[in-house]
Amino acid sequence: MTGNDVGDQVRRYRVARRMSQRALGEQAGVTSGFLSQLETGRANASISTLRRLADALGVGLADLVEPGPVSAARVVRAGLRRTLSASDGMTKTFLTEPPFGHLEMYAVTMEPGGSTGPSQYRHGDSEEVLLVLRGRVRVELADEVHELETGDSIVFASSTPHRVANGGDGEAELVWVNSPPTPAD
């Protein structure tokens, strides 16, 4: 495969992921100028750079160096999802993987008494959507309190101080979406 073929594959995956050259460059640690040159065949990348680009695109290195179809979909297999267990009785399972497009989505399990933490917090400038699949949760938004039950949902700005807690006797399950994804603090 020629350097231009590699650049074509990088561009095809980047476009399929709806990423700008700048966004991909930031995630992979290269400049958008370098990416432009790579994609047009005016520059070649080291193996190290290709690995970083592949990671940022959510593909394997072989996907960049072997011509083939580029899927616009990114499948996250149930058994391979990343999971974060917090000390506050909350487990967050990632339903989407980086690089995120316009949303990030989680399956959340909260033990009785579990919460997002002891106090309200805010982050970014996104919309958050919570859908209660099972159980009951209390959503605190600044001075407002909303008690949600199975089937209820709520939408709010992530810049609003918020806290979510399971006030019920059983485990609560939620689907949680941020759009667009908020940067890590």
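What you see below is based on every heavy atom in this structure, not just the backbone, and it leaves out hydrogens, waters and symmetry mates.
Panel note: side chain N166, backbone G170; a donor-acceptor pair is recorded below 3.5 Å. Distance alone, capped at 3.5 Å, is enough to place a donor-acceptor pair between the S126 side chain and the P180 backbone. Remark: side-chain polar atoms of T96 are paired, donor with acceptor, to backbone N or O of M105 under 3.5 angstrom.
Considering only heavy atoms from C-beta on, Q9 stays 4.5 Å or farther from D63 through its side chain. Contact annotation: the side chain of T160 never approaches that of E128 to less than 4.5 Å [non-hydrogen atoms, C-beta and beyond].
For E39 against Q21, the heavy-atom pair with the smallest separation is OE1-NE2, 2.9 Å. Closest of all the heavy-atom pairs between V59 and Y13 is CG1-CE2, 3.5 Å. In terms of heavy-atom proximity, Q120 sits nearest to P161 at OE1-CB, 3.2 Å. What you find for H123 and S158 is that their closest heavy atoms are O-OG, 2.6 Å.
Ring-plane geometry between Y106 and F94 is classed as perpendicular, the angle between the planes exceeding 60 degrees on a 0 to 90 degree scale with a lower cut at 30.
Interatomic distance, T40 OG1 to D8 CG, rounded to the nearest 0.5 Å: 9.5 Å. Note that CZ of R134 is 4.0 Å distant from CD of E173, once rounded to the nearest 0.5 Å. The distance from atom CG of N178 to atom CG of L103, rounded to the nearest 0.5 Å, is 9.0 Å. Rounding to the nearest 0.5 Å places CG of L95 at 13.0 Å from CH2 of W176. With rounding to the nearest 0.5 Å, the separation of CG in L24 from CE in M19 is 4.5 Å. The distance from the CG atom of L38 to the OG atom of S32 is 12.5 Å, given to the nearest 0.5 Å.
Applying the 6.0 Å contact sphere to CD of E127 captures no more than 12 heavy atoms from other residues, nucleotides or ligands.
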_Between V145 and R138, does the side chain to side chain contact (heavy atoms under 4.5 Å, CB included) criterion hold? Intermediate values first, please._
CA-CA 7 Å; V145 175; R138 174 186 176 103; 3.5 Å; yes
*Please walk me through it: do D55 and R52 pass side chain to side chain contact (heavy atoms under 4.5 Å, CB included)?*
CA-CA 5 Å; D55 288 346; R52 291 194 319 269; 5.6 Å; no
For residues 149-156, dump all side-chain donor-acceptor pairs below 3.5 Å to protein atoms at least two apart in sequence or in another chain.
{"from": "T150", "atom 1": "OG1", "to": "G135", "atom 2": "N", "distance (Å)": "3.1"}
{"from": "T150", "atom 1": "OG1", "to": "G135", "atom 2": "O", "distance (Å)": "3.4"}
{"from": "D152", "atom 1": "OD2", "to": "E149", "atom 2": "N", "distance (Å)": "2.8"}

Contacts table for residues 108-118: side-chain donor-acceptor under 3.5 angstrom, sequence neighbours left out:
{"from": "S115", "atom 1": "OG", "to": "G117", "atom 2": "N", "distance (Å)": "3.1"}
{"from": "S115", "atom 1": "OG", "to": "G117", "atom 2": "O", "distance (Å)": "3.2"}
{"from": "T116", "atom 1": "OG1", "to": "V164", "atom 2": "N", "distance (Å)": "3.1"}

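There is no side-chain donor-acceptor pair under 3.5 Å between S20 and R22.
The salt bridge (Lys or Arg N to Asp or Glu O under 4.0 Å) analysis of residues 155-166, with sequence neighbours excluded, yields the pairs E140-R163.
Under the 4.5 Å side-chain contact rule for hydrophobic residues, V15 and V6 do not share a cluster. Hydrophobic clustering (ILVMFWY, side-chain heavy atoms < 4.5 Å, transitive): V65 and I47 are in one cluster.
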